[in-house]
Amino acid sequence: MASLAWLLIPLFAAIGAAIWGSWAARDRTAGDISELAGYARFREAMGKDEQARAKADAHSGSDAV
């Protein structure tokens, strides 16, 4: 009976490794689309902020000598 218990340990380890391997190799491309869309919105917001800052700097009279 003890030898059967020792044979079950590698069996459970192999089953666990197969489950983990299938989980690690899953297809995760669906999440990339939303991540890229969020990054595009971030870049657009940063571009608007930069344009507004450049416009405000161009109209300020503090640089006039």
Side-chain angles (χ1 to χ4, degrees):
M1 192 64 170
S3 62
L4 181 62
W6 280 106
L7 289 174
L8 288 177
I9 293 171
L11 177 67
F12 287 139
I15 292 171
I19 291 171
W20 179 84
S22 64
W23 178 78
R26 71 191 186 281
D27 186 20
R28 294 181 281 207
T29 58
D32 291 343
I33 295 168
S34 63
E35 296 257 342
L36 289 173
Y39 180 64
R41 288 192 306 269
F42 171 76
R43 283 182 32 198
E44 182 181 338
M46 288 291 115
K48 286 180 182 176
D49 186 41
E50 184 65 32
Q51 290 171 354
R53 187 178 305 131
K55 193 179 289 186
D57 287 345
H59 293 297
S60 67
S62 61
D63 292 337
V65 180

TODO: Decide whether Ile15 and Trp6 are clustered together by the hydrophobic rule: side chain heavy atoms of Ile, Leu, Val, Met, Phe, Trp, Tyr closer than 4.5 Å, transitively.
DONE: no
- [ ] Is it possible for you to say whether Phe12 and Trp20 belong to one hydrophobic cluster, with membership spreading through side-chain heavy-atom contacts below 4.5 Å?
- [x] no
Open item on the list: I'd like to know if the side chain of Arg43 and the backbone of Ala40 have a donor-acceptor N/O pair within less than 3.5 Å.
Closed with: no
